[in-house]
Amino acid sequence: MTRFTKGHGTENDFVLVPDLEGTLELTPAQVQRIADRHAGLGADGVIRVVRTALATDESVRAQSHEAQWFMDYRNADGSLAEMCGNGTRVFAEYLRREGLAFGSSFAIATRAGVKTVRVVDEGYAVDLGPWRLGDEEGARRDGFDVMVKPRHGKPVPALTLDIGNPHAVVMLPEGITLENLDLGEAPQLHPEPAGGSNVEFVRAVGPGHIAMRVHERGVGETRSCGTGAAAAALATRFWSGVEDLSPWTVDVPGGRLTVTPLPGQRVELAGPAVLVADGDFPL
Ligand SMILES: N[C@@H](CCC[C@H](N)C(=O)O)C(=O)O
């Protein structure tokens, strides 16, 4: 039996598997079984908690002088992801509860580099680090750089951003509402990025305030995506032409997140983190 903890951040849910001494080889099939909502525990992602110094990846091990624990993140389909914004907060809450991290600020190792988390009133704020437009030149010229075809409906322009992991953000045109969007299948991107992409659909609510739904790479539609919320806020900020450091409120089906652009083209994500259950599971 393997110990697990279930948690969520704005209802983006995860199963954390502690493997502090790095003895567990989590296969894609095992991840799929854990994440299965009918025959398993059910989760959007599975997070192995392991000492950074014991990570298999050299680039992760190199972070061990800054961050003691590595968030080894897998999507529900078993694929590896570089980063998970909501996951970092839940990971931080787990580390603190288990006495593995102390203080009001500490670092976490990820496949997208070291992320610093801070304890804040609403939960945790995570410095997601540097972000960039997928195609700076195309984006500055046209306002978008790919086309996204939702399951039902015409292709719509989107802006790609890298927040450690890949995103394509669509501002919904008049006549398509967030509520009516069918995300039962992955939206098609043209051109298709080699590693796939998370896709966010956005509606403006007011100044500095958007609502979004997301189709996550390796999962399907989820009730929230932290890096997706950051991508959606940054894309909307880019389209607005006012690239200041004011915070953005992002409403997702599972709750509310705050995204704050930081100096030096970095971005911070803040929101809740909840641990809901602990138990044992046969892998
Ligand atoms: N839900 C996460 C992102 C998880 C990884 C994503 N599906 C990917 O493959 O890049 C978040 O909160 O950021």
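As the structure lists them, so they are numbered: ligands from 1, and atoms in each ligand from 1. All values below come from the heavy atoms of this structure, side chains included, with hydrogens, waters and symmetry mates left out.
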Set of residues that line ligand 1, where lining means a heavy atom lies under 4.0 Å from it
Asn12, Tyr73, Asn75, Ala81, Met83, Cys84, Gly85, Asn86, Asn165, Asn198, Glu216, Arg217, Cys225, Gly226, Thr227
Verify the distance criterion only: is there a donor paired with an acceptor across the side chains of His209 and Asp251 at less than 3.5 Å?
yes
Asp145 and Thr160: side chain donor to acceptor below 3.5 Å
yes
May I ask you to decide whether Glu136 forms a salt bridge with Arg140, counting only side-chain N to carboxylate O separations under 4.0 Å?
yes
Do the side chains of Val202 and Thr236 get nearer than 4.5 Å, heavy atoms only?
yes
Does this structure show an ion pair linking Arg223 with Asp13, if we count only N-O contacts that are shorter than 4.0 Å?
no
Which residues satisfy the side chain to side chain donor-acceptor pair (under 3.5 Å) test with Glu200, sequence neighbours excluded?
His167
